[in-house]
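Below, read A as the first sequence line, B as the second, and so on, with proteins coming before strands; counting in each chain starts at 1.
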Number of protein chains: 2
Amino acid sequence: MVSIFIVDDHPVVVEGLKSVIEKLEGLHICGIAYNAVAAINTLKTVRPDVLLLDINLPDISGVDLCKKIRKEFPDIKIVGISTFSERSYISRMIENGAMGYLVKSASAEEIADAIATVMQGKLYMSLNIEYLLRPSSVVNSEMLPNLTKREKEVLQYIAEGLTNNQIADKIFVSTSTVDTHRKNMITKLGVSNTASLIRFAVEHGLID
Amino acid sequence: MVSIFIVDDHPVVVEGLKSVIEKLEGLHICGIAYNAVAAINTLKTVRPDVLLLDINLPDISGVDLCKKIRKEFPDIKIVGISTFSERSYISRMIENGAMGYLVKSASAEEIADAIATVMQGKLYMSLNIEYLLRPSSVVNSEMLPNLTKREKEVLQYIAEGLTNNQIADKIFVSTSTVDTHRKNMITKLGVSNTASLIRFAVEHGLID
DNA sequence: CTAAAAATCCCCTTTTTCGTGGAGATCTGA
DNA sequence: TCAGATCTCCACGAAAAAGGGGATTTTTAG
């Protein structure tokens, strides 16, 4: 018998999940929370196998709560749930310890599948192909003005915290050159300064 | 009949995958490449359903190649393969359009499962629970000196490219205060400057 | 209540980055 | 071969951040 705990602030969603899960064999709901604080408190006494966690909660962000639960109750398998299947949300959840991701439009089979998969210790991700093959993911790569090899090299060092001077020493060019590369990247990518340049770079995987 | 293309620079791995896949029903190998350039060239004539892509290639990084293939051949479903099941690699691959992730130690069933799953348009991730429940993921959350609410707020604005001055105006405090928060974060997180602060922050999901 | 933590503010100097505008050298693909 | 991209370098001033101090007021949690 696998015990499930639901954390979501939308009563409708909670009821929906509840009725779907209770119809499935081998599963039962062991608790519900409508916000992060309530969830943490209840988890001190109830210990579910799987926790279905909404990404958007009223008090704390789902990602933060995910991190917290992972730390305090590492045995609980967390499955993120949300309305959208955004790649960025998904990878964020994975980084913070979620074992799965479900969209709210998931079918009963998908929910059962997700729970079974995470119980086996694997990651489960529900995503429909139409979404994945469309623009949003293309935009990321297509809209990117491409940086030159040298620029990427400099960018990498900037991200590591080196100053123009230190980079210049490292790649045997003058400080002016490094500075020019930095400025060109800021212009190319349409950001306002080094801080936002690095943010952009990390978010777009331009940095190792 | 699902056609598979393999990109990996280790002949042993290629042979292994080949023999495993050829024994499975409904699958066949339509091509092999030992590096990124060869892969791109061959893909101009051969059009596989699924591409198994090693993360570590001699010429370009697997992530870059993944992005490139996604852009030029959006119909091909890419499954990343690597020796390790590092969360950071996994989320990087997802961000760049991969539909799945397999460790090289995967069994024949897992490989078949992965291919079937991505063909259905879902993400497939192979990960063993022992790995996921161990330190590395705990380290991320446990080692993090926690930033205060105010610091996170300032951090967010810094990442958006605002200067101390602009942030000060926004949150109605003096520039000195914002500067102090910035310095404290740099010290707390043990980074050298704002650039590396932002890199750290984005990589650890401290920024929305 | 009280100690610790957080948030606020200020000084100073040095270093780094930003903004602007330019310019020669080298590489590379059509 | 020849244009265009890339890489290299520079100057100048203004603005911002780094590094080092120190200090007071709120908030928070036990």
Side-chain angles (χ1 to χ4, degrees), chain A residues 36-37 40-41 44 59-60 64 68 72 144-201 206-207, chain B residues 37 40-41 44 59-60 64 68 72 144-202 206-207:
Chain A
V37 176
I40 293 281
N41 284 332
K44 283 175 185 156
D59 41 1
I60 314 184
D64 283 349
K68 208 182 185 72
E72 293 189 33
L144 276 182
N146 48 346
L147 300 182
T148 67
K149 200 188 282 184
R150 201 53 151 177
E151 285 171 340
K152 279 185 190 165
E153 195 182 354
V154 170
L155 180 61
Q156 183 66 41
Y157 287 125
I158 295 174
E160 284 168 14
L162 304 191
T163 66
N164 289 338
N165 256 306
Q166 295 170 320
I167 298 169
D169 283 348
K170 206 139 208 162
I171 64 176
F172 307 109
V173 295
S174 84
T175 306
S176 329
T177 304
V178 177
D179 194 45
T180 302
H181 286 313
R182 183 193 292 254
K183 287 172 187 168
N184 285 340
M185 285 188 279
I186 289 175
T187 307
K188 264 190 187 177
L189 301 177
V191 293
S192 54
N193 56 25
T194 302
S196 43
L197 169 67
I198 295 303
R199 181 199 183 167
F200 183 95
L206 269 36
I207 284 167
Chain B
V37 176
I40 293 280
N41 283 332
K44 282 173 186 158
D59 39 2
I60 314 182
D64 283 349
K68 207 182 186 75
E72 295 189 32
L144 276 183
N146 46 348
L147 300 182
T148 67
K149 201 187 281 185
R150 202 54 152 174
E151 285 171 340
K152 278 184 190 167
E153 194 182 357
V154 170
L155 181 60
Q156 183 66 40
Y157 287 125
I158 295 174
E160 282 167 16
L162 304 191
T163 66
N164 289 337
N165 256 305
Q166 294 170 319
I167 298 170
D169 283 348
K170 206 138 211 163
I171 64 176
F172 307 108
V173 295
S174 84
T175 307
S176 327
T177 305
V178 177
D179 195 46
T180 303
H181 287 313
R182 184 193 291 254
K183 288 174 186 167
N184 285 340
M185 285 189 278
I186 289 175
T187 306
K188 264 190 188 178
L189 301 177
V191 293
S192 54
N193 56 25
T194 302
S196 43
L197 169 68
I198 295 304
R199 180 200 185 168
F200 183 96
V202 177
L206 269 37
I207 285 166

Non-hydrogen atoms of A:Leu155 and A:Ala201 that approach each other most closely
CD2-CB, 3.8 Å
side-chain contact (heavy atoms from CB on, under 4.5 Å) partners of A:Thr148, counting only residues at least two apart
A:Arg150, A:Glu151, A:Lys188
Send over the distance from B:Leu147 CG to C:dA5 C1', rounded to a whole Å.
14 Å
Between C1' on D:dA15 and CD on B:Gln166, what's the gap in Å once rounded to a whole number?
11 Å
Side chain to side chain donor-acceptor pair (under 3.5 Å) with B:Arg182: which residues, sequence neighbours excluded?
B:Asn164, B:Thr194
Nearest-0.5 Å distance that lies between atom CG in B:Leu147 and atom CG in B:Leu189
5.0 Å
Under 4.5 Å between any side-chain heavy atoms of B:Ile158 and B:Met185, yes or no?
yes
Global bending angle along the helix from C:dC1-D:dG30 to C:dA30-D:dT1, which compares the axes of five pairs at either end, to 10 degrees:
80°
Just the rounded figure in Å: distance from C1' of D:dG19 to NZ of B:Lys188.
19 Å
Sequence-distant partners of B:Asn165, side chain to side chain donor-acceptor pair (under 3.5 Å), two or more places apart
B:Thr175
Could you tell me which non-hydrogen atom of B:Ala159 sits nearest to which non-hydrogen atom of B:Ile207, and how far apart they are?
CB-CD1, 3.3 Å
In B/S/- notation, 5' to 3', how is nucleotides 24-30 of chain D contacted by protein heavy atoms closer than 4.0 Å?
-------
Qualifying residues under side-chain contact (heavy atoms from CB on, under 4.5 Å), relative to B:Ser196, sequence neighbours excluded
B:Val191, B:Ser192, B:Asn193
Distances under 3.5 Å between nitrogen or oxygen atoms of protein and nucleotides 8-10 of chain D:
{"from": "D:dT8", "atom 1": "OP1", "to": "A:Arg150", "atom 2": "NE", "distance (Å)": "3.1"}
{"from": "D:dT8", "atom 1": "OP1", "to": "A:Arg150", "atom 2": "NH2", "distance (Å)": "2.6"}
{"from": "D:dT8", "atom 1": "OP2", "to": "A:Arg150", "atom 2": "NE", "distance (Å)": "2.8"}
{"from": "D:dT8", "atom 1": "OP2", "to": "A:His181", "atom 2": "NE2", "distance (Å)": "3.1"}
{"from": "D:dC9", "atom 1": "OP2", "to": "A:Ser174", "atom 2": "N", "distance (Å)": "2.6"}
{"from": "D:dC9", "atom 1": "OP2", "to": "A:Thr177", "atom 2": "OG1", "distance (Å)": "2.7"}
{"from": "D:dC9", "atom 1": "O5'", "to": "A:Thr177", "atom 2": "OG1", "distance (Å)": "3.4"}
{"from": "D:dC9", "atom 1": "N4", "to": "A:Thr180", "atom 2": "OG1", "distance (Å)": "3.1"}
{"from": "D:dC10", "atom 1": "OP2", "to": "A:Ser174", "atom 2": "OG", "distance (Å)": "3.4"}

Can you tabulate the close N/O pairs, meaning under 3.5 Å, that link protein atoms to atoms of nucleotides 25-30 of chain C?
none

Could you state the CG-C1' distance from B:Asp179 to C:dT14, rounded to the nearest angstrom?
14 Å
From CZ of B:Arg182 over to C1' of C:dT17, roughly how many Å is that when rounded to an integer?
11 Å
Heavy atoms, side chains only, cut-off 4.5 Å: are A:His181 and A:Val178 in contact?
no
Should B:Thr148 be listed as having a side-chain N or O under 4.0 Å from OP1 or OP2 of C:dA5?
no
What is the distance, to the nearest angstrom, from the CD1 atom on A:Ile186 to the P atom on C:dG19?
7 Å
Could you check whether any side-chain heavy atom of B:Leu206 comes within less than 4.5 Å of a side-chain heavy atom of B:Gln156, counting everything from C-beta outward?
no
Nearest 0.5 Å please: distance from the CZ atom of B:Arg199 over to the CD1 atom of A:Ile198.
8.0 Å
side-chain contact (heavy atoms from CB on, under 4.5 Å) filter on A:Ser174, not counting sequence neighbours, yields A:Ser176, A:Thr177
Atom OH in A:Tyr157, atom CD1 in A:Ile167: separation rounded to 0.5 Å?
8.5 Å
Length of the line joining B:Glu151:CD and C:dT8:P, which is rounded to integer Å
10 Å
Expected list for residues 156-165 of chain B near DNA chain D, using heavy atoms below 4.0 Å, is B:Thr163, B:Asn164, B:Asn165
In short, salt bridge (Lys or Arg N to Asp or Glu O under 4.0 Å) pairs touching residues 158-180 of chain B with sequence neighbours left out are B:Asp179-B:Lys183
Would you kindly give the CG-to-C1' distance between B:Asn193 and C:dT15, to the nearest whole Å?
12 Å
